[in-house]
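Proteins come first, then strands; the chains are lettered A, B, ... in the order of their sequence lines, and each starts at number 1. Atom set for the values below is all heavy atoms of this structure, side chains included, hydrogens, waters and symmetry mates excluded.
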Amino acid sequence: MKHRITRKEDLNAADYLIEVEASMVAERFLPGNFAVLITVPRGERIPMSIQKAEDGKITMLIKKLGKTSVELDSFEVGDSLEAVIGPMGNSPELKRYGNIVFASDLVCGHAENYALCKALQEIEGNHVTSIQTFPTKADIYPKKELSEAFCDEYYLTTLDGSCGIKGHYTEVLKDLLDEGKVDIIFAGGDIPALRDLAGLTEPYGVPTIVTVRQIMIDATGMCGSCRVFVDGEMKLTCIDGPMFDAHKLNFEDIINRMAMFKEKETRAMEYYNKKILPSVGFT
Amino acid sequence: MAKINKTRVPMREQPAEERIKNFDSVPLGYTDEEAMAEAQRCIQCKDPSCETECPVNMKIRAMIEKVAEGNFEEAFLIAKEDNPIPAISGRVCPQEDQCEGVCTMGKKADAINIGKLGAFLGDWAMQNGVTEELHIEERNEKVAVIGSGPAGISCAVDLRKLGYRVTLFEALHIAGGVLQYGIPAFRLPKDIVDYELSYLQKIGVDLRLNNIVGQNIKFDELRWEFDAIFIGTGAGAPRFLGIEGEKLMGVYSANEFLIRVNLMKAYKFPEYDTPIVCGDSVGVIGAGNVAMDAARCAVRLGAREVYILYRRTKQESPARDEELEHALEEGVIFEELVNPTRVLGSEDGWVTGIEMVRMELGELDDSGRPRPVKIEGGEFTMELDTVVNALGTLPNRLFLDRTPELETTPRGAIKTDEKLMTNVKGVFAGGDAMSGGATVIQALGEGKRAAASIHGYLSGI
């Protein structure tokens with residue numbers, strides 16, 4: 001079954017939004033789930049964050065990072081993807097947590113932030129705060145794609161201070177922690193920043209749940225590529241995650257192994273830029 | 001009567017120095033004449049033990065008789081009666097432990113090359129467009145088959161032939177299970193797998209790709225919608241040794257290594273998008289078929305030195321004879337009696353070597369094989385830049401974690417009764433998900449047995 005693109009918009013110079021027909025994923029989506037995309041028959045299987053799911057369609061936030069995301073950016077409304085598979089992974093329990101903070105600084109993070117704020121704000125007894133960080137004012141997403149509409153409190157930060165609060169979400173969070181107003185934190189995005197977040201929140205004893213995106217292939221628990229270590233025990237991001245307790249996670253390992261295919265990714269990008277891609281299928 | 005040739009008609013193969021540069025089939029197949037000559041060596045035993053040893057009890061004697069006569073169509077149809085995929089099983093069965101191992105000819109001469117004759121027939125039928133004519137009497141009952149690997153294929157085919165409405169659920173984007181993601185193309189060309197699978201759709205099996213039961217389809221939904229369920233989810237979970245250094249870059253599970261190469265075609269990168277990083281010196285831990293597959297892939301990916309690291313000796317290797325021979329011909333170095341204890345790495349996180357300890361063989365263990373025992377002071381290191389763990393696999397947790405109602409063994413395999421029914425009524429299981437890890441043909445056999453049991457269950461026999 002082909003998956004037609006029904007909407008595609010730039011979020012900033014590097015990120016874009018894509019809405020595709022994927023009825024099975026849309027019907028069964030829960031906040032925190034992700035999708036696996038195959039853009040073309042010769043394509044790789046890549047995990048993507050889902051921001052929302054409605055009317056048989058899902059919306060994903062994507063960063064132009066590697067060959068596949070750059071190639072997908074050349075697709076237009078009406079074009080189709082080879083496969084949109086999911087929903088994958090687990091969703092956190094949607095219940096009353098009290099004072100919840102969501103923090104994010106990259107596509108994978110902003111999408112979950114949006115989906116979780118929307119779902120958890122509807123539950124009575126939850127006070128939802130969101131902090132979204134962008135590098136500069138120019139990078140801030142259009143307002144309707146931010147989680148602000150679903151929050152009791154909302155903070156926008158830019159690293160250079162060109163808009164909103166100057167600094168990273170961790171800095172705003174520190175103030176909230178000091179005020180003692182946080183019962184649980186959900187966060188996603190840049191992995192080194194999540195490591196710093198874990199270090200920040202641990203002394204306060206506030207549960208901190210982070211979304212991890214490690215390299216995946218099948219995303220069904222078969223290959224072990226996305227293995228992470230939680231309290232020393234091997235877990236698979238695809239079927240045990242993608243959310244883990246930040247205080248138990250070995251971040252150094254994740255950061256190290258994400259570099260494994262860097263050189264190949266560069267080569268794929270060079271190859272793509274030469275535009276000599278043959279149209280081949282799986283044979 | 002003409003004298004019977006004691007030696008097999010040799011199978012033409014790509015020479016080792018050529019084939020290590022490609023992923024094409026190593027065996028080149030029999031010609032019609034060669035197949036007939038090989039079949040004519042069969043003495044047509046009164047009591048063919050080859051058939052009793054075959055996990056699907058193929059009518060091997062009759063099949064070979066027809067090949068000897070040059071009647072390939074009839075021979076193919078005989079093979080197909082019990083085996084839905086002869087072109088595949090002929091290539092991947094451990095024949096030396098089954099049909100060919102008990103062949104009467106084998107006692108004094110070469111056993112008949114039953115596997116290659118089976119593969120010949122499957123290929124011949126594909127090339128000549130010959131298929132069996134089926135007259136299916138439709139039934140109303142619906143059966144769900146989970147997993148499109150060997151067990152699922154045989155179960156689906158048999159149930160469909162009986163007239164059941166069969167839906168085959170596959171988690172990946174390509175059907176075939178281990179035949180696609182596990183076994184490399186040089187051993188099992190993928191056009192053959194695709195052809196055999198297209199047969200399923202031709203006879204009316206509803207194949208649903210990207211349907212991950214337990215993940216995006218709840219097991220309960222299937223129980224609600226279908227009258228019976230067969231679970232053939234395989235043993236797809238990766239295993240690591242659990243030693244220090246396995247977090248390093250350059251350490252793979254055999255599953256990852258093979259999925260990248262076979263399913264995602266990383267050997268054609270960057271034409272295909274999925275990459276693989278394979279270094280110059282590769283150590284594959286383990287000595288089964290999967291280890292041989294990974295080692296031979298590494299050779300083809302350009303590794304200069306590829307080692308099989310095994311704590312026993314070649315004699316105890318569970319790999320098919322042919323795979324071991326082919327691997328050695330291709331330059332794979334068999335490092336016997338070594339046990340890895342630590343993977344060594346550089347500061348930037350890449351594998352640089354492996355620390356091992358020399359072993360010797362002691363008394364027989366529960367598996368009937370000599371137990372490897374550590375030699376005191378036998379520690380040494382080997383420089384490597386890629387390590388592949390081929391230690392066997394475990395049943396897939398994704399499915400089992402989400403179906404707590406199914407009883408499993410301590411090793412995580414699904415428990416069944418003698419009819420292959422699980423503790424849940426109407427739910428059957430077979431293949432590696434039940435056995436924990438065996439052969440393609442055993443899975444085929446279990447799929448067939450389960451189909452017969454499901455038929456009995458649904459028709460009240």
Side-chain angles (χ1 to χ4, degrees), chain A residues 1 24-25 27-28 33 36 38-46 66-68 71 82-89 217-225 227 229 234 236 238-240 250 252-261 263-265 267-272 276-278 280 282-283, chain B residues 171-174 180-182 185 189-191 194 208-212 214-218 234 236-240 242 246-260 263-266 268-277 345 348-350 389 393 396-399 401-402:
Chain A
M1 193 178 75
M24 183 179 225
V25 190
E27 276 164 27
R28 292 149 194 261
N33 286 150
V36 166
I38 306 176
T39 51
V40 290
R42 62 173 152 71
E44 56 187 338
R45 295 171 65 100
I46 48 164
K67 200 225 103 179
T68 297
E71 184 177 27
E82 183 64 18
V84 179
I85 308 157
M88 313 297 274
I217 313 172
D218 58 281
T220 63
M222 282 170 51
C223 78
S225 174
R227 62 191 184 275
F229 295 84
M234 185 176 94
L236 301 178
C238 62
I239 62 170
D240 299 316
N250 182 335
E252 297 312 319
D253 160 59
I254 300 172
I255 294 164
N256 266 338
R257 272 192 309 112
M258 280 175 99
M260 182 155 164
F261 295 94
E263 207 185 299
K264 296 280 177 185
E265 283 158 16
R267 203 169 141 221
M269 204 61 232
E270 286 165 6
Y271 187 84
Y272 174 73
I276 45 171
L277 286 174
V280 288
F282 279 96
T283 52
Chain B
L172 295 172
H173 60 288
I174 300 177
Q180 291 285 7
Y181 74 76
K190 297 307 163 211
D191 55 340
D194 292 340
R208 299 208 190 147
L209 299 174
N210 302 323
N211 276 233
I212 311 157
Q215 176 65 39
N216 58 9
I217 297 198
K218 300 268 178 293
R239 262 181 82 180
F240 293 88
E246 286 183 326
K247 297 187 179 96
L248 292 161
M249 288 184 283
V251 177
Y252 292 97
S253 71
N255 266 8
E256 178 180 355
F257 198 78
L258 292 173
I259 288 172
R260 283 182 181 275
L263 183 74
M264 306 308 295
K265 305 227 180 316
K268 292 186 183 171
F269 177 87
E271 184 188 329
Y272 279 73
D273 287 351
T274 305
I276 188 156
V277 175
D348 57 355
W350 286 91
N389 285 279
T393 49
N396 198 329
R397 276 195 298 124
L398 173 93
F399 176 71
D401 281 359
R402 290 155 174 84

Using modelled atom types and a 3.5 Å cut-off, is there a donor and acceptor pairing between side-chain atoms of B:Gln215 and backbone atoms of A:Gly86? no
With a 4.5 Å limit on heavy-atom distance, are the side chains of A:Val36 and B:Asn210 in contact? no
Think A:Arg45 forms a cation-pi with B:Tyr181, using NZ or CZ under 6.0 Å from the six-ring centre and within 45 degrees of its axis? no
Could you tell me which portion of B:Ile259 (side chain, backbone, both or neither) has an atom closer than 4.5 angstrom to a non-hydrogen atom of chain A? side chain
Nearest non-hydrogen partners of B:Lys218 and A:Arg28, listed with the distance: N-NH1, 4.3 Å
Checking heavy atoms, do the side chain of A:Met88, its backbone, both or neither come under 4.5 Å from chain B? both
B:Asn255 side chain to A:Met222 backbone, donor-acceptor under 3.5 Å: yes
Contact origin within B:Leu209 toward chain A - heavy atom pairs under 4.5 Å: neither
Could you tell me which portion of B:Leu172 (side chain, backbone, both or neither) has an atom closer than 4.5 angstrom to a non-hydrogen atom of chain A? both
Check A:Thr220 against B:Ala171 and note the closest heavy-atom contact, atom names and distance. CG2-CB, 4.3 Å
At what distance, to the nearest 0.5 angstrom, does CG of B:Asn216 lie from CD1 of A:Ile85? 9.0 Å
Please name the pair of heavy atoms, one in B:Val277 and one in A:Met260, separated by the smallest distance, quoted to 0.1 Å. CG2-O, 3.6 Å
